[in-house]
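Structure incoming, see below.
Numbered from 1 within each chain, the chains take letters A, B, ... in sequence-line order.
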Amino acid sequence: METKYAHEMQAGERYAPLRFTVTADLNQQFLFAVEDYNAIYLRGVDGRPPLVHPVLLMHMTPRTRSPSYRQAAGMGSAFARDRSVYLRPAYQGTTFEVTWEVSQTYEQRDKIYQDYVAAVFDADGGLVLRRELSSTFFSLGKVKTFPKAAAS
Amino acid sequence: MTSRIDGMAVGEVAWSHPRTLSLARALALSGGPWDSPSWPDRNLHTSAAAAEEAGLSQIVVSGTQWEGYLVGLLVELCGPGWFDGGTVDIKIPRSVRIGDVIRAAARLEGFSDREGRTTAELAVWCENASGEQVMIGTARCVVAARDARIA
């Protein structure tokens, strides 16, 4: 059975989880992306491995990263707001798992809004990052000028 | 252990250094792993053609990129305590173009007691070179040595 399109997902439904491993190369790619060379991300602290930069974890949490994410032809999505809670350090070399659950959907001004919770767990099953994200779906081609919100 | 935030006065603003959001930096964030055979991924954040197909006049930089600037600043301010419940709540009032210069800011608003822990409350934002806010919100983190300063 084919999975639903993203905009058809309803509260309580989940996207398929994603696993990814943060290598030194990947972590340092994201340090370059945000020009942040704090030693905690390069050498670590107190003999522990370097920390994973939060931007890398954030990057892995939009639902578009899920293997089951399907976007209908002619539709796009834009990120509206988020609330993120960082609950424990994430270390380079770790394999993480991301889960997604839709928390609310509604329509407003001809747009579909979808709120969901993304959670990043480390190899011990510890919750590292919890994000509540709000997003909209829109029809591609309708936006002709530079948009106010950044597409996700 | 003290953190930079322990030396801040209420009302004081801490700034990140300004960063030019170049195409190279956007590709590093949104193009997929550099060692991927298909790098860079083609999407609204990396390809002018993909953006045009979506009805956009140019590449839209991912909001994650400058939220990364902001959270990086919060880690600098809060130290290890950031990874013990550090919270940021933001929205994006306007987009960022390739070439824009962005800096993040955090203003210490005060302290509160949350579940028995002293917590710094901050107003946070990112702005472009024209002083327009491209991200706005609040943040908080646990601090070590502020118990006496809770109002």
So, taking the atom named CD in B:Glu76 and the one named CD1 in A:Ile40, what distance separates them when rounded to the nearest 0.5 Å?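 B:Glu76 CD to A:Ile40 CD1: 8.5 Å, rounded to 0.5 Å.
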
Do B:Met8 and B:Val142 belong to the same hydrophobic cluster, where Ile, Leu, Val, Met, Phe, Trp and Tyr are linked whenever their side-chain heavy atoms lie under 4.5 Å apart, directly or via other members?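 B:Met8 does not cluster with B:Val142.
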
Considering only heavy atoms and a distance below 4.5 Å, find which of A:His59, A:Arg81, A:Glu35, A:His53 pairs most often with chain B.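 Highest number of heavy-atom pairs under 4.5 Å: A:Glu35.
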
Tell me whether A:Val117 shares a hydrophobic cluster with B:Ile90, the cluster being built from Ile, Leu, Val, Met, Phe, Trp, Tyr side chains joined at under 4.5 Å.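 Hydrophobic grouping puts A:Val117 apart from B:Ile90.
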
Is the count of non-hydrogen atoms from other residues, nucleotides or ligands lying under 6.0 Å from A:Glu8 atom CD greater than 12?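 More than 12 within 6.0 Å, yes.
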
Close side-chain approach of B:Ile92 to A:Phe79, heavy-atom, < 4.5 Å: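 When only atoms from C-beta onward are counted, A:Phe79 and B:Ile92 do touch, with a gap below 4.5 Å.
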
Quick one: closest heavy-atom pair of B:Glu67 and A:Ser84, and the distance?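 Result for this residue pair: OE2-OG, 4.1 Å.
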
Under 4.5 Å from any heavy atom of chain A, what part of B:Val88 do you find: side chain, backbone, both or neither?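 B:Val88 touches chain A through backbone and side-chain heavy atoms alike.
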
Just how far is it from atom OG1 of B:Thr138 to atom CZ of A:Arg83, taken to the nearest 0.5 Å?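 Those atoms lie 8.5 Å apart.
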
B:Arg19 side-chain N/O to A:Val34 backbone N/O, donor-acceptor pair under 3.5 Å: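 Yes: the side chain of B:Arg19 pairs with the backbone of A:Val34.
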
Closest non-hydrogen atom pair, A:Pro89 against B:Phe83: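 In this case the closest contact between A:Pro89 and B:Phe83 is N-CB, 3.8 Å.
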
I want to check something: taking the side chain as every heavy atom from C-beta on, are A:Tyr86 and B:Val75 in contact at a cut-off of under 4.5 Å?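 Not touching, per the 4.5 Å side-chain cut-off.
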
Proximity breakdown for A:Asn38 and chain B, heavy-atom pairs closer than 4.5 Å: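 A:Asn38 touches chain B through side-chain heavy atoms alone.
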
Using a cut-off of under 4.5 Å on heavy-atom pairs, state which of A:Leu26, A:Val85, A:Thr61 scores highest against chain B.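 Most heavy-atom pairs within the cutoff with chain B belong to A:Val85.
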
Please check if the number of heavy atoms outside B:Glu115 that lie under 6.0 Å from its CD is greater than 12.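 Counting neighbours around CD of B:Glu115, 12 or fewer heavy atoms of other residues, nucleotides or ligands fall under 6.0 Å, so no.
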
Can you say whether B:Ala139 sits under 4.5 Å from chain A via the side chain, the backbone, both, or neither, judging by heavy atoms?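 Looking at B:Ala139, nothing touches chain A.
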
For A:Leu56, which atoms come within 4.5 Å of any heavy atom of chain B: side chain, backbone, both, or neither?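 For A:Leu56, there is no contact with chain B at all, as no heavy atom is under 4.5 Å.
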
same_hphob_cluster(B:Trp34, A:Phe20) at 4.5 Å side-chain heavy-atom cutoff: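 Per the 4.5 Å side-chain linkage, B:Trp34 and A:Phe20 are co-clustered.
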
In terms of hydrophobic clustering (I, L, V, M, F, W, Y; side-chain heavy atoms under 4.5 Å; direct or indirect links), are A:Leu87 and A:Leu133 co-clustered?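 Not linked; separate clusters.
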
Can you hop from A:Val52 to A:Phe32 via hydrophobic side chains spaced under 4.5 Å?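 In one cluster: yes.
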
Between the main-chain N or O of B:Asp84 and the side-chain N or O of A:Arg88, is there a donor-acceptor pair closer than 3.5 Å?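 Looks like no, no N/O pair under 3.5 Å.
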
Residue A:Arg130 versus chain B: region with a heavy atom under 4.5 Å: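 Neither part.
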
Quick one: does A:Glu132's side chain have a donor or acceptor within less than 3.5 Å of a partner on B:Asp89's backbone?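 Flag not set: sc A:Glu132 to bb B:Asp89 has no pair under 3.5 Å.
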
Rounded distance [0.5 Å steps], CG in A:Asp36 versus CG in B:Leu73: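 Here the rounded value is 9.5 Å.
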
In terms of heavy-atom proximity below 4.5 Å to chain B, should A:Leu51 be classed as side chain, backbone, both, or neither?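 Answer is side chain: those atoms of A:Leu51 sit under 4.5 Å from chain B.
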
Value rounded to 0.5 Å, distance of CD in B:Gln65 from CE in A:Met58: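 Rounded to the nearest 0.5 Å, the CD-CE separation comes to 10.0 Å.
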
B:Thr20 versus chain A, the contacting section by heavy-atom distance below 4.5 Å: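 Just the backbone, heavy atoms under 4.5 Å.
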
With sequence neighbours left out, write down each residue that passes ring-ring contact (aromatic ring centres under 6.0 Å, His included) with B:Tyr69, or none if nothing qualifies.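 So B:Tyr69 forms no ring-ring contact (aromatic ring centres under 6.0 Å, His included) with any residue.
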
Toward chain B, the part of A:Phe30 with a non-hydrogen atom under 4.5 Å: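 Looking at A:Phe30, just its side chain touches chain B.
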
Using side-chain heavy atoms (C-beta onward) and a distance below 4.5 Å, is B:Val71 in contact with A:Val55?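 No, their side chains stay 4.5 Å or more apart.
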
